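The structure under discussion appears below in the form of structure tokens.
Computed over heavy atoms, backbone and side chain alike; hydrogens, waters and symmetry mates excluded. Quick caveat: nothing in here was measured; it's all calculated off a predicted structure. Each ligand, and each atom within it, is numbered from 1 in the order the structure gives.
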Amino acid sequence: MKTLKILVLNGPNLNLLGTREPGIYGTETLSSIEADLLAEAKALGGIELDFFQSNAESDLITRVGASRGTFDGILINPAALTHTSLGLADALSAVADVVPAVEVHLSNTAAREEIRHKSLTASACIGQIMGFKGNSYVLALDALVNHLR
Ligand code: DQA
């Protein structure tokens, strides 16, 4: 079984998880979510994860663009950039032929303010998982690995 390399990207303000609006996003920190993902990757076997969080749109666009040839898939929570960044959506589309992405959200954005209902990035992804707080990431990893294997 070939080892799958998955890039896990997190956008603006997700470094604040744990204390950021816990009623909406839960109490898990980003490190704890990453630890859960590592445990799931170990349980699945043959998965290598690489984590990156940034508050800067350009850093995320650069990581996505550089993923071709290095990664087999992307898990991405674009955070607020979901609703605003055509540049990030274009980067995901640019690599989608070889690096499929799954969009993840902690909250169910469809049940929140109208401005959060539209995702610019979703159409560049193979699917979305949202609304299960930190567990959304683990579910998204399972979905991506199922898609890739
Ligand atoms: C989020 C939802 C976005 O609307 C918001 O801007 C975030 C987090 C989520 O995971 O629920 O920062 O992506």
For ligand 1, is there an N or O atom under 3.5 Å from any N or O atom of [X]?
| X | result |
| --- | --- |
| Thr82 | no |
| Leu106 | yes |
| Arg112 | no |
| Leu14 | no |

message = Any donor-acceptor pair under 3.5 Å linking the side-chain atoms of Ser85 with those of Glu57?
response = yes

query = Any luck finding a side-chain donor-acceptor pair between Tyr137 and Asn10 under 3.5 Å?
reply = yes

ask   = Can any side-chain N or O of Glu103 pair as donor or acceptor with the backbone N or O of Ala122 at less than 3.5 Å?
value = yes

ask   = Among the clusters formed by ILVMFWY side chains lying less than 4.5 Å apart, do Val145 and Val99 turn up in the same one?
value = no

message = I'd like to know if Leu7 and Leu14 are part of one continuous hydrophobic network [Ile/Leu/Val/Met/Phe/Trp/Tyr, side-chain heavy atoms within less than 4.5 Å].
response = no

Nearest non-hydrogen partners of Ile126 and Pro100, listed with the distance = CG2-CB, 3.9 Å

key: Minimum-distance pair of heavy atoms, taken over all atoms of Ile74 and Leu144   = O-CD2, 3.7 Å

task = Looking only at protein heavy atoms, identify the closest one to atom 1 (C) of ligand 1 and say how far it is in Å.
result = His105 ND1, 3.6 Å

request  = Could you check atom 2 (C) of ligand 1 against the protein and tell me its nearest heavy-atom contact, residue, atom and distance included?
outcome  = Thr109 CG2, 3.7 Å

task = Would you mind telling me if ligand 1 is within reach of the side chain of Lys133, the backbone, both or neither, using heavy atoms under 4.0 Å?
result = neither

query = At a non-hydrogen distance cut-off of under 4.0 Å, which region of His83 contacts ligand 1 (side chain, backbone, both, or neither)?
reply = side chain

task = Give a yes/no verdict on whether any heavy atom in Asn13 is under 4.0 Å from an atom of ligand 1.
result = no

task = May I ask whether His117 places a heavy atom under 4.0 Å from ligand 1?
result = no

ask   = Between atom OG1 of Thr109 and atom CE of Met130, what is the distance when rounded to the nearest 0.5 Å?
value = 3.5 Å

Using a strict 4.0 Å cut-off to heavy atoms of [X], name the atoms of ligand 1 that fall inside it.
| X | answer |
| --- | --- |
| Asn77 | 9 (C), 10 (O), 13 (O) |
| Tyr25 | 5 (C), 7 (C), 8 (C), 9 (C), 11 (O) |
| Ser107 | 2 (C), 9 (C), 11 (O) |
| Arg116 | 3 (C), 4 (O), 5 (C), 6 (O) |

task = May I ask you to test the Thr82-Leu120 pair for a side-chain heavy-atom distance under 4.5 Å?
result = no

